[in-house]
Number of protein chains: 2
Amino acid sequence: MAKALFKRNEVIDKSMLLFCRKGFKASSMQQIVETTGLKPGSIYHSFGNKEALFREVLTSYSAKSMAKVRETIDGAESIDEGILLHLKNTVAESINPNYCSCLLVKTQLELAADENKNNLHDFAANRLKKIESLFRSYLEHEYDEETSSERAVSIMLHIFGVRIYGYQQGSAELMLKGLRAGLPWLPWD
Amino acid sequence: MAKALFKRNEVIDKSMLLFCRKGFKASSMQQIVETTGLKPGSIYHSFGNKEALFREVLTSYSAKSMAKVRETIDGAESIDEGILLHLKNTVAESINPNYCSCLLVKTQLELAADENKNNLHDFAANRLKKIESLFRSYLEHEYDEETSSERAVSIMLHIFGVRIYGYQQGSAELMLKGLRAGLPWLPWD
DNA sequence: TTATTTATTGAGTGGCTATTCAATAAATAA
DNA sequence: TTATTTATTGAATAGCCACTCAATAAATAA
């Protein structure tokens, strides 16, 4: 057989950039062809169709997201400090002029009402739930089950909030104040 | 002249339902034709184009949103209780199987990267800022400026959070616990 | 009444959409 | 080598997209 001349990961990463910026629908196959350098036939041969490619991108994206959370928390001096650092990083990201929120969040909103793509919506929802579970399992090292559960939800609400609030220009300081007000149990000083 | 045979408000309300469910791009003019009962030519004659219609819908939507906030808070026994009630209402909305989040939030995420529609994104961002200002001005009746400002941001972060978290099934109780954790200064009992 | 202005109609347009497919190329298996 | 399997190519396709426009209808202005 002819070896695959492209690297699957690179195609997924390049597509991820496009999907993150524009979302599922607004990213056309033509644009995917341009950014990946593959011909239409190759894409369909390797990935099936646009939705399947998107699903692979989503999978990769959520794996990277969870890995980043783990790295940040594991590398911090305490779990609470790691969580705080992750939140600060999320805020810092949103300053970037090319800020494009979170692909899982975007997908959740974009495809909720799409009858055909509903599985993609559920997929994104499940991944977000897993991120919440990750926070909860970290918290359970320090707090009781009830507290950990509540605080994990609270963290997710705040992250979702930042993902949207971040589109307001020059809002980083405001967001940090808001986070501090809502998450006073984190080691802010 | 021939009188307009349709009522502008009704057309906007019907379009609003569609746009809320599907977002800007995924709502086709054909679907707008179907749900409003107008012919394509009439829509273009009366509203200009899809983007202009959408802008009118957004304007109407944000006016309704702000009116609802005002009604809820003005009708409550205290400002804090009114805010709490508004949050509880927002959570309750998200239980609805036809839940479609918030059009301003959706627009913010959908059109941020769209070069042509960037004004729509900015428009939505400004309206969300005005809602934040509304909360702040209410809070300033009870708290100092600094506290009011922080808490208004905190409220917005939580509302945004609910707008996304709400897509998870059966999450109302969890969300309320999370809100209580993040907004302990509200009169929960 | 007649002239003018405005609203409605609905078939039609060009362009973009995701996707396909027969032909070709290249690698391995026999 | 020869046969078989798989990858790549890029032009082609059908369908949907936002949008237009000439014809018609209806209301007011004169």
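In what follows, every heavy atom counts, from backbone to side chain, and hydrogens, waters and symmetry copies are set aside. Order of the sequence lines sets the chain letters (A, B, ...), proteins ahead of strands, with each chain counted from 1.
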Length of the CD-P vector between Glu34(A) and dT17(C), whole Å: 9 Å
5' priority, DNA chain C, between Ile43(B) and Ala26(A) [closest heavy atom]: Ile43(B)
Salt-bridge criterion met for Glu71(A) and Lys64(A) (N-O under 4.0 Å): no
Rounded distance (Å) that lies between atom P of dA18(C) and atom CD1 of Ile32(A): 7 Å
Intermediate values then yes/no, side-chain hydrogen bond (donor to acceptor under 3.5 Å, both in side chains), Tyr61(A) and Asp13(A): CA-CA 9 Å; Tyr61(A) 182 92; Asp13(A) 285 348; over 6 Å; no
Protein-nucleotide distance (Leu18(B), atom CG; dA18(D), atom P), rounded to Å: 10 Å
Basic-acidic side-chain contact under 4.0 Å: Arg180(A), Asp189(A): yes
Met29(B), nearest nucleotide to its side chain (from dT20(C), dA18(D), dA18(C)): dA18(D)
Whole-Å gap separating C1' (dC19(D)) and NZ (Lys39(B)): 17 Å
Out of dT17(C), dT19(C), dC17(D), whichever nucleotide has its closest atom nearest the side chain of Ser28(B): dC17(D)
Phosphate contact (dT8(C) OP1 or OP2) by His45(B) side-chain N/O below 4.0 Å: no
Side-chain (Lys106(B)) to main-chain (Cys20(B)) donor-acceptor, under 3.5 angstrom: yes
Partner nucleotide, any strand, of dA18(D) [Watson-Crick/G-U, under 3.5 Å]: dT13(C)
Integer-rounded Å distance: dA18(C) P and Asp114(A) CG: 13 Å
Residue whose nearest DNA chain D nucleotide is more 5′ - Gly41(A) or Phe24(B): Gly41(A)
N or O in side chain of Gln30(A) less than 4.0 angstrom from dT17(C) OP1/OP2: yes
Donor-acceptor side-chain pairing of Asp80(B) and Tyr143(B) below 3.5 angstrom: yes
Under 4.0 angstrom between Ser42(A) side-chain N/O and dA7(D) OP1 or OP2: no
Rounded distance (Å) that lies between atom C1' of dT6(D) and atom OH of Tyr44(A): 20 Å
Gap between atoms CZ and C1', on Phe19(B) and dA18(D) respectively (whole Å): 12 Å
Integer-rounded Å distance: dC16(C) P and Lys22(A) NZ: 13 Å
Identity of whatever pairs with dA29(C) - Watson-Crick or G-U, under 3.5 angstrom: dT2(D)
